[in-house]
Structures are given as structure tokens and as C-alpha cells.
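Below is one structure, written out as C-alpha cells; comments come after it.
Here is the naming used below: chain letters follow the sequence lines, and residue numbers restart at 1 for every chain. Remember, predicted model here, so these are calculated numbers, not experimental data. The figures here come from the full heavy-atom set of this structure, side chains too, leaving out hydrogens, waters and symmetry mates.
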Number of protein chains: 2
Amino acid sequence: MAIKKRPRQPKSENRRLDIRDVAKHAKVSIATVSRTINRVPTVDKELADRVWLAISELNYFPNTQARALVSGRTRLLGLLISEITNPFFPELIRGFEDIAVENGYEILIGSTNYHPERMSLAVRRMIERNVEGVAVMTFGVEQPLLEELASRHVPMVFVDSGPPGDLVRPLLVDYRKGIQQGVQHLAVLGHRKLGYISGPSQQRSSQLRTAAFLESLEQIGVTPNPEWIFEGDHTLEGGMRCMEQLLALPELPTAIMCSNDMTAIGGLRVLTRAGLRVPEDISLIGFDDIHLAEFVNPPLTTVRMSRNDLARSAFGALRAIAEQEQGGHPREWKVTTSLVVRQSTGYPRDSALAPAAGTPSTKKKKSSKKV
Amino acid sequence: MAIKKRPRQPKSENRRLDIRDVAKHAKVSIATVSRTINRVPTVDKELADRVWLAISELNYFPNTQARALVSGRTRLLGLLISEITNPFFPELIRGFEDIAVENGYEILIGSTNYHPERMSLAVRRMIERNVEGVAVMTFGVEQPLLEELASRHVPMVFVDSGPPGDLVRPLLVDYRKGIQQGVQHLAVLGHRKLGYISGPSQQRSSQLRTAAFLESLEQIGVTPNPEWIFEGDHTLEGGMRCMEQLLALPELPTAIMCSNDMTAIGGLRVLTRAGLRVPEDISLIGFDDIHLAEFVNPPLTTVRMSRNDLARSAFGALRAIAEQEQGGHPREWKVTTSLVVRQSTGYPRDSALAPAAGTPSTKKKKSSKKV
DNA sequence: GCCAGTTACTAAAGCGTTTTACCACCTAAT
DNA sequence: ATTAGGTGGTAAAACGCTTTAGTAACTGGC
């Protein structure tokens, strides 16, 4: 008995525009169309022209899923962040999206909102979509999740953590230099009584910042006062809480450094409400340089960490891993920091340096237009 | 002559984990595995159990691309926004991501940054990835792009604009009620001299808000003073600029409504710097209720538009279009607004109602913890 | 005991690409 | 003229899944 053909319903007229349609239209084979699209150099110029013409006439877009299926490349990257409503991240996302799109990649964002469960869901989603790499821009990702990714050969990059591995690269942020510049700036103004509000102590980047702060203190010959060191949580609310505690102290520092800008901005509000003037009564310095920092009152002196640098390093590192780092030993990926002096820092009140009433020694970076 | 078989390289050992592997492991056919995964009810309980066991033992994840290819469903949605660093959007994205992920969808974000070119690139990316719907949360998307989407039968939702079509639903925000409540609130406090800073006038949602403001003014029997009406651009900087212009006027309003919170916050800074007290000298009211509104000084009275509502409506409407709205005529998708009274509004200075010195009549919604 | 009716399985076609294997043709050297 | 050596083309397998069509194994009614 002959084998019966049982073709599926042809779905007839509702068919999607196909590579076959393009081939027919250009009067070449399917393979030629494919090679043209993928810019294989051996395609005859004249045929290629016909193909491009057909593509634009038919308004054809190749099917990404079919492409991914056969080529094994999805051109999808995962970006794992803590909390999209934290202003640090949108700026980072923007940079990452830019560089990814420039290179023909799409990004999948996973916000963990600090829930281990959401984190694991996000990682799962990324694996299911076959991302070609994951940039981990949050902390506390659990080991099993990382192993899950590793077992599927997904390249990963982390901020500040972990030794480089076959599939893993750390992104090294130069906290030391940045924080040191901030502390130096305060020291030059004459501050010797320095307070600090850290980020969450489990977070490695917080630890590094705190360590850098203490080290910088030592460099300027100041012994840290543990009473003036608080643990915040990198939120506005946390900054407010810490600053309230600090203000309850019998003796106050003359300057306070914060582990990030949101903390500093929270602290600034509390200071202002308590009737203290910044920088005349107390100087304040942040970290990150989020967009908002320029718009608080007074504009915040801070240490800038380039989100664009960070995003581009993350992307570059992921690509380097995927391409197996052809030349020599793995490159190091560094992210630079720099001091941005605005108006929240000035001479300490009791300083001999202070001209009259604590005018900042620095030029305004951007003066607000006066009416 | 016999047809020669020319199988590709089997890639042997590096093969991805397959549905075939699961089938083999569970000792059933591929089809049974597929049906089990897709929860087709006719699968025998015992076989299904074997399949699930095999899946978890092998740690198998179905290939999304292959699935999408054959089923024609990508479970991908596009979200088109203006500017991710505008705090309104991260809150919206969060809501949209939540509802999407709950329903097994992934989202692709396209930030246009107000460039037509980026917009068209974003739409193109979405088409290439075969999104099943696009939520357009920005304005100025050009007609050809929309037609491009429509020609591919991609459902779309818009905020505030356009008539419903086969593939299109508008999301209706109840600006009238919200703005009316805000104006009423000011009227009750005794304000009759009201200023307004709008958003960009090309933007339909701005037009609607401005119209609602003027209408509300009429309701309370106040004739608008055109001198006190400014066109901002929904940014902090724009709010600052308009407020500076306003302050240059010989006579000031006693209260100012802003088209969004960023504008109000910018305005607030300018007022504060100019030495005016809010609300004692001038009342200020925003729109949106972004997270930051609660943390400026004084906390901003504003009209809340729920981003979560908006996100869920957008998702719901897209689904409804895709499912061809089985029952009756298309549902209307509304987004509610509500007044949030904080401390930036109070009695006008010259009001007889004012007890002593312009204390706000309202309870604090959330008092800051005092040290 | 036979057949119609269910139920639940398996085999295999097909989704839209990429890519391999093969071949037809042209040119230039023998 | 014959052949080696490119070029640049075509046909068809394979990617991993869904889904249709076909079928085997029961069940129960007559």
C-alpha cells in the first residue's frame, strides 16, 4: 500500500510573507535570498540587487524565530536589575538598550524587586527565551540560579563581584578613586569630622564603598568616628531615617558622605526640615550622580559613576565571553568614576578658611537661570 | 539513480536537550510530551505524571523559538514609551511587566527619546520580533508606522487618542474628573487666581488636561487669566523655565496647577529659591503622583493617575483585541484618577478663611518621623 | 460475536529559516 | 579539444516544536 500523503491545512491565503515569496519575486533560489540577507560575499552583485529590490518591494522582514531556531542565535540579552523605579536603573537601562540595539540585540529586563522568587522567575524567563547573555546588575542572586545559567552556557557579567570564570566576568567599578576624590574634596575644604551613610551591608558594592571611605579617611589622617557611620539601604526613605538618627546625636559631623544619591537626597530633606543649611551648617556629598542630583536644592555634589560606561562594559564583556576572547587572556572591564562638585559642599562652619559665611569654594557647574 | 541522502553534520554531543529526550526518558511519544506540556486534557494521568517527572529530572525547558515558529504565537508584547528616565515610565513599565509576566508574556521596551528615527527603529524591532501587540505610551508616532503594524495585524492601544478600530483601542484617562477635583480643592481653600503650566501642546493628553482645567475653572465661576497660563514640556527643566517666567509677572496667581508632577517639582524649586513659601505664599498642585512627589519639600498635592491601572488596561485591551472580543461590542478601557492632598496646597494669603498663617486645611497623609 | 463508538496513543507534516552538499558553468591551461 | 579550478547557483536536510490524521485498544449494545 502506498504511503498516503497527509498534508496539513495549507492555511491558504493567510500565509505570512515568506523567503520563498522573495525568491520567487526576485527569480532566484531561496538560498540566494538567505545569503544576500546575511551578506555572504560570494553572491553575484546583480542577483543581490534583485533580491534587495524584491525585499523592499514586498516589504519583507525575515522571521526572527525561524532564524533563531536554525542558527541557534537569538540576539537576546537579559538585564537583571533590582528595582526599575530606583532612578539609577532607568539610566542604566537606557545605556544598555542603546548599545544593544546598535548591535542588533534586544534586551529582556527582569526586575527582582528584592524578592528571591521574582529573581528566580526572571532568570527562568531568560533561559526560556534563550538569551545569549545576562548582565546581573543586582545583588543576592542565588547560586542555583547562576548554576542553571552556567549549565546552559549563558555568559554572565556582574558588578563588583566574583572571580572571572569561563563564562563570567566581573565589572570593576573604581570606587576607591571616586570616594577618595570625594573625601579629598571635603578635606581640602577643611572638614575633619566626617560622617557616612552606607548602603545595605550585604551588598558587595556597598562594602567596597564603605571600605574605600574608611581607607580615604586614613589617607587624610582622620580617625573614623563609629557614631557617625550609619547603614542605609540606598533608598530615599533609608537616607531620611539615618539622617534623623544622626541629628539626634550630641555632636554632629561637619560633612557627610552617602553611599548613593538617593540616600543623600533623603538626608538632605531631613537636614533642611530640621532647619540646618547645606552647605553652611553641614556639607553633603552623594554617589552615582543620578539626574535628580542636579535638581535638588542645593544641587548635590557627588561622585559620578557613568551608567553609560557601565552599560557598555557589560555589553562588551558579554560579547567577549561569547566570542571566547580570541586574543590572549581575558580583558578587564573597568568603570570609571569622577567627582562632580556642585553646591552641597562648602567650608565647615568653624573653619578658619571660611570666608564670611561658608561660601563654597567651587564654581557652579551650571547656574540656574535667574529671572 | 538513487537519491543520495545528505544529512547535515549531526553536531553530535553538543545537542540541546530536546523534546525527544524527554519522550525517550518518559517512554512515550513526542506528541504526548507536547500535549502534556500544553495541558491538553485528554492525556492519560499516568503518562502525564511520567512526562512531568522526566521534565524535571532532565531539567528540560521547551524551546521558545521553535514553539513560536510552529504555533505562530510569540508571547511578546511591545511597549513604546517616550523616555525611560522620566520617572512616570519606570512605574508604568513595572506595572506592565507584572501583568505581562503573570500571563506568560515578555515585554520589549522601545524608548523613543522623542526622536522620530528611534521611534521607527523601535517599531521595526518589534515587528521583526513578531510582537503580538503594542502599547503606545508616547505621542507623535507617525502614520506610516502605525500602518506598518496594522498591515501585520498587530493589535495596538493608545493613551487618549484615536477612535477604536479593528486592531486599535484607546485607553481613556479620566482627566476631567481628576483635574476638576484639583481645581475644586483649590476653590474650596479660597483660591480664585489660578495659574496653569501645561504639557507640550502637540500631545493629546496635554490638550485634554488643559481643556479640563479651563472647563473646571468655568465650573467654579473663574475667568482664566491667559497671562498665567504657560506651556511647559513635562520636564523638570520646563517647569523651572515656566515658573521663572511666571514670577517675572507684576501680579501672581495664588495657586498654580501643573500638567504633571515633574513640571510642578521644577516649579517648586524655582519658588523656593525665589524665597516664596509653599503653600503660605502660593499653592502648587501637580498631576500623576510619581513616587518623588511625596518626598519633595513640601510634599506635593497632586492628582493621582494609577500607573498600574493604566498598565493593566493596556494589557487587557491588547488581549481583548487579539481574542477578537468574543462578546458583544468592544469594551471601553478607562483609567481613573484621584486627588491626593499633601502639603503644597493651603489657603491663599489674603483669604479670610486662613487661620493665622496659611496652615493647610488638610491632614498630612504621611507625617515624616521627627527626631 | 460483531460492529459502532469512544479514548488516547503514535507517526509525520510543516512552521520559515540557514547551511551543507552538490552541480553547472565559465575560464584558462594543457 | 580536454580538463582542472574556480564561481556562484540550486536542492534539500535540519532546527525543535505543534498538530493533524490515522489507528489500536477497549467498551458496550444488539
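- Against DNA chain D, the stretch residues 17-25 of chain B makes heavy-atom approaches under 4.0 Å through B:D18, B:I19.
- As rounded to whole Å, 17 Å separates atom P of C:dG16 from atom CD of B:E128.
- Straight-line distance from the CZ atom of A:R75 to the P atom of C:dT17: 17 Å, rounded to whole Å.
- One atom, CZ of A:R129, and another, P of D:dG16, lie 18 Å apart when rounded to the nearest Å.
- The separation between A:R152 atom CZ and D:dG16 atom P is 14 Å, rounded to whole Å.
- B:E132 places a side-chain heavy atom less than 4.5 Å from the side chain of B:Y105.
- You'll find that the side chain of B:L69 is closest to C:dC15, out of C:dA8, C:dT17, C:dC15.
- Residue B:S71 places no side-chain N or O under 4.0 Å from the OP1 or OP2 atom of C:dC15.
- Using a 4.0 Å cut-off between a side-chain N of Lys or Arg and a carboxylate O of Asp or Glu, A:R118 and B:D98 qualify as a salt bridge.
- In this structure, A:E102 places its CD atom where more than 12 heavy-atom neighbours from other residues, nucleotides or ligands lie under 6.0 Å away.
- For A:V28, the listed nucleotide lying nearest its side chain is D:dT10; candidates were C:dC9, D:dT10, D:dG16.
- Summarising the geometry, the separation between CG on B:L47 and P on D:dA25 is reported as 15 Å, rounded to the nearest angstrom.
- When the C1' atom of D:dC17 is taken as reference, atom CZ of B:R73 falls 16 Å away, rounded to whole Å.
- Heavy atoms of other residues, nucleotides or ligands lying less than 6.0 angstrom from CG of B:N103 number more than 12.
- Between A:R39 atom CZ and C:dT18 atom P the separation is 13 Å, expressed in whole Å.
- Computed from C1' positions of five pairs at each end, the angle between the two local axes of the helix from C:dG1-D:dC30 to C:dT30-D:dA1 equals 60°, rounded to 10 degrees.
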Enumerate donor-acceptor pairs with a distance under 3.5 Å from any side-chain N or O in residues 141-149 of chain A to protein atoms, sequence neighbours excluded.
from, atom 1, to, atom 2, distance (Å)
A:E148, OE1, B:N59, ND2, 3.3
A:E148, OE2, A:R152, NH1, 2.3
A:E148, OE2, B:N59, ND2, 2.8

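- Of all nucleotides listed (C:dT19, C:dT10, D:dT18), C:dT19 comes nearest to the side chain of A:R35.
- Going from atom CZ of A:R16 over to atom P of C:dG16 covers 7 Å, rounded to whole Å.
- Comparing D:dC17, D:dA12, C:dT10 by their nearest atom to the side chain of B:S29 picks out C:dT10.
- B:T42 comes within 4.0 angstrom of the backbone, heavy atoms only, and of no base.
- Note that the CD1 atom of A:I19 and the CG atom of A:L58 stand 12.0 Å from one another [nearest 0.5 Å].
- No option in A:N308, A:L172, A:D309 other than A:D309 meets the side-chain contact (heavy atoms from CB on, under 4.5 Å) test with A:V335.
- Inspection of the A:R16 and B:N130 side chains reveals an N or O donor paired with an N or O acceptor under 3.5 Å.
- Remark: B:R169 is not positioned above the aromatic ring of B:F158, lacking an NZ or CZ atom under 6.0 angstrom from the ring centre and at most 45 degrees off the axis.
- Nucleic acid contact for B:S34: base, since at least one base atom lies under 4.0 Å from a heavy atom of the residue.
- Taking only side-chain nitrogens and oxygens, A:N38 comes nearer than 4.0 Å to OP1 or OP2 of C:dT18.
- Heavy-atom nearest nucleotides on DNA chain C were determined for B:K45 and for B:A66, and the one closer to the 5' end corresponds to B:K45.
- The side chain of B:D44 has C:dC9 as its nearest neighbour among C:dC9, D:dG16, C:dT10.
- For A:I30, taking side-chain heavy atoms from C-beta onward, the closest of the listed nucleotides C:dT18, C:dC9, D:dG9 is C:dT18.
- Figure legend: cation-pi geometry between B:R50 and B:W52 absent, as NZ or CZ is not positioned both under 6.0 Å from the six-membered ring centre and within 45° of its axis.
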